[in-house]
Number of protein chains: 2
Amino acid sequence: MSSDIPVSMAQRKRQLVSDELSEAALQLLALKGFDAVTIDEIAATAGVSKRTFFRYFASKEDVVVQFLADMGTGIRTELAARPAEEPPSVALRHSVWVSMAACAAPPGHSDRALRVVQLILRTPALRARFLERQDQWRGDLAAELAQRLDLAPDTALYPQLAAGMALTAFDAVLQRWSGSDGVEDPAELIDRAFTTIAPALDAVPSESVGTGKGGNEASLSERRQPPGAGSR
Amino acid sequence: MSSDIPVSMAQRKRQLVSDELSEAALQLLALKGFDAVTIDEIAATAGVSKRTFFRYFASKEDVVVQFLADMGTGIRTELAARPAEEPPSVALRHSVWVSMAACAAPPGHSDRALRVVQLILRTPALRARFLERQDQWRGDLAAELAQRLDLAPDTALYPQLAAGMALTAFDAVLQRWSGSDGVEDPAELIDRAFTTIAPALDAVPSESVGTGKGGNEASLSERRQPPGAGSR
DNA sequence: GGCGTCTTGACACCGAGTGTCAATCGAGGC
DNA sequence: GCCTCGATTGACACTCGGTGTCAAGACGCC
């Protein structure tokens, strides 16, 4: 559940404690439910003190959400690696797909990922923290997109929208995947989702960083007095 | 900061306490920062006990987020009221626009809304709760869309995607609006945002509730082995 | 005036999260 | 081998968010 070989021997122990902690947490949380497990319990199971728990994880939710946290930076770096000529829809779909596969695939039991995702999605507190993370990802992705397309990050709406749409797709796929107990194929789901949102992703506005603003307002700005508004 | 006339006289007092509470909370939170204010403090300022605070609001974040909470149901009911022939992009844009205007407009000081939004967006804990609310809105909106388009709510990706895109647009607009200190015109921002996402919103899939599934997969499902994946 | 309902404050309680400090352990330097 | 320095840890105390409980007061009804 970790990653690379820690170079030093001293901090291998650290890695070990961390693993022990998440192992215990995941076990207990999945078994007894989120609220029914105290941090003292998790720490005791892992053989450390409560105080030590907080030296490794910022909160009870963090232990679980951590598992998917790398995916955010994964998507971004993957996007940065895509060729510049690639249309956003393709680059984004690929980035999401690769990161998701990298998370769900790693050697051995891929159903561990499924279990974690299901736990997150059906536990309000965990889902909330997950949304928080996603929100950060969105900002990162938007920045990356802005740079990629040479748009002013704070002037153009497009990067935020595109990042949001990509993550919306990601979220919908995740939900469907977890809801089907992993039966449905993530690859196909991602494809379908991105096929839907692609028309919007590839309609990149012309407002570049140089020119102040494009002329794409065929809009129909209502006249401040909506038809049947009224109440509340 | 409330809405209609409470029919009974007995519960007018209740409304009063609620107002007093949110008033005190908003004042203090905006002044001293979210973490620097305790609930005891808020309650004391409002002249009630801490226990009473929790009889009116579920959490410290709730007092603030409550202000935007009605917007969710507002968007949904507004959407339900739109004519069925209207394409999703138009119906959604309108629903979002009306609800947003209803929130930011109400008689008198509209900058109160601005202040609240800014507080929420720049306070992580508040933003988190706000995202949580939005997540609920998304589910509601998706359900409404599925019904509206006669799609199977759990089979089709489209409703979730469309709802997500609409809220993404909403969020981007909110962010820009608050970032510009209310200078930018929400109506115009919404128009621009929805102009971008409209192509995706109006590409409604053909998979109706009756027919099992449409034939719209021109997709290009990668072959399980992405180009340059490998590490994290 | 008596009675049921609703609201409140006081109190005790739990758990998350943090600051502090002394003890411990491992890695060199001598 | 010993000593010292730094990192890690456990124990303790503390704050604060949030909840359950209960007795007391306010209000409406008969």
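Every heavy atom of this structure was used, including side-chain atoms; hydrogens, water molecules and symmetry mates were not. Computed from a predicted model, the values in this text were never measured in an experiment. Labels below follow one simple rule: chain letters A, B, ... track the order of the sequence lines, proteins then strands, and each chain is numbered from 1.
Donor-acceptor pairing under 3.5 Å, judged by distance alone, is absent between the side chain of A:Arg55 and the base of C:dG17.
A close approach under 4.0 Å does not occur between any side-chain nitrogen or oxygen of B:Tyr56 and OP1 or OP2 of C:dT7.
Near-neighbour residues of DNA chain C inside residues 26-34 of chain B, defined by a heavy atom below 4.0 Å, are absent.
Note that CD of A:Glu78 and CH2 of A:Trp97 are 11.5 Å apart. Values are rounded to the nearest 0.5 Å. One finds the CG atom of A:Leu167 at 5.5 Å from the CD atom of A:Gln134 (value rounded to the nearest 0.5 Å). With rounding to the nearest 0.5 angstrom, the CG atom of B:Leu29 is 9.5 Å from the CG atom of B:Asp35.
A salt bridge links A:Asp62 with A:Arg133: at least one charged nitrogen is closer than 4.0 Å to a carboxylate oxygen.
Distance B:Arg12 CZ to C:dT7 C1': 17 Å, rounded to the nearest Å. Look at NZ on A:Lys13: it is 14 Å from C1' on D:dG6, rounded to the nearest Å. Distance A:Glu20 CD to D:dT8 P: 18 Å, rounded to the nearest Å. Protein atom CZ of B:Phe53 is 21 Å distant from nucleotide atom P of C:dC11, rounded to whole Å. Here D:dA11 presents its P atom at 16 Å from CZ of A:Phe54, a figure rounded to the nearest Å. Rounded to whole Å, atom C1' of C:dC14 lies 13 Å from atom CG of A:Asp35. One can place CD1 of B:Ile39 at 6 Å from C1' of D:dG17, the figure rounded to the nearest angstrom. Taking atom CG of B:Leu16 as the reference point, atom C1' of D:dC27 lies 16 Å away to the nearest angstrom.
With a 4.5 Å cut-off on side-chain heavy atoms, A:Ser22 and A:Tyr56 do not count as touching.
The listed nucleotides are C:dA16, C:dG19, D:dG17; the one nearest the side chain of A:Arg51 is C:dG19. In this structure, of D:dG10, D:dG17, D:dT9, it is D:dG10 that holds the atom nearest to the side chain of A:Ser49.
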Q) Checking side chain to side chain donor-acceptor pair (under 3.5 Å) for the pair A:Gln15/A:Asp19: CA distance, chi angles, key distance, verdict? A) CA-CA 6 Å; A:Gln15 184 67 39; A:Asp19 287 357; 3.2 Å; yes
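Between A:Phe130 and A:Phe170, the ring planes lie tilted relative to each other; the angle falls in the 30° to 60° range.
Across all strands, B:Lys50 comes closer than 4.0 Å to base atoms (heavy-atom distances).
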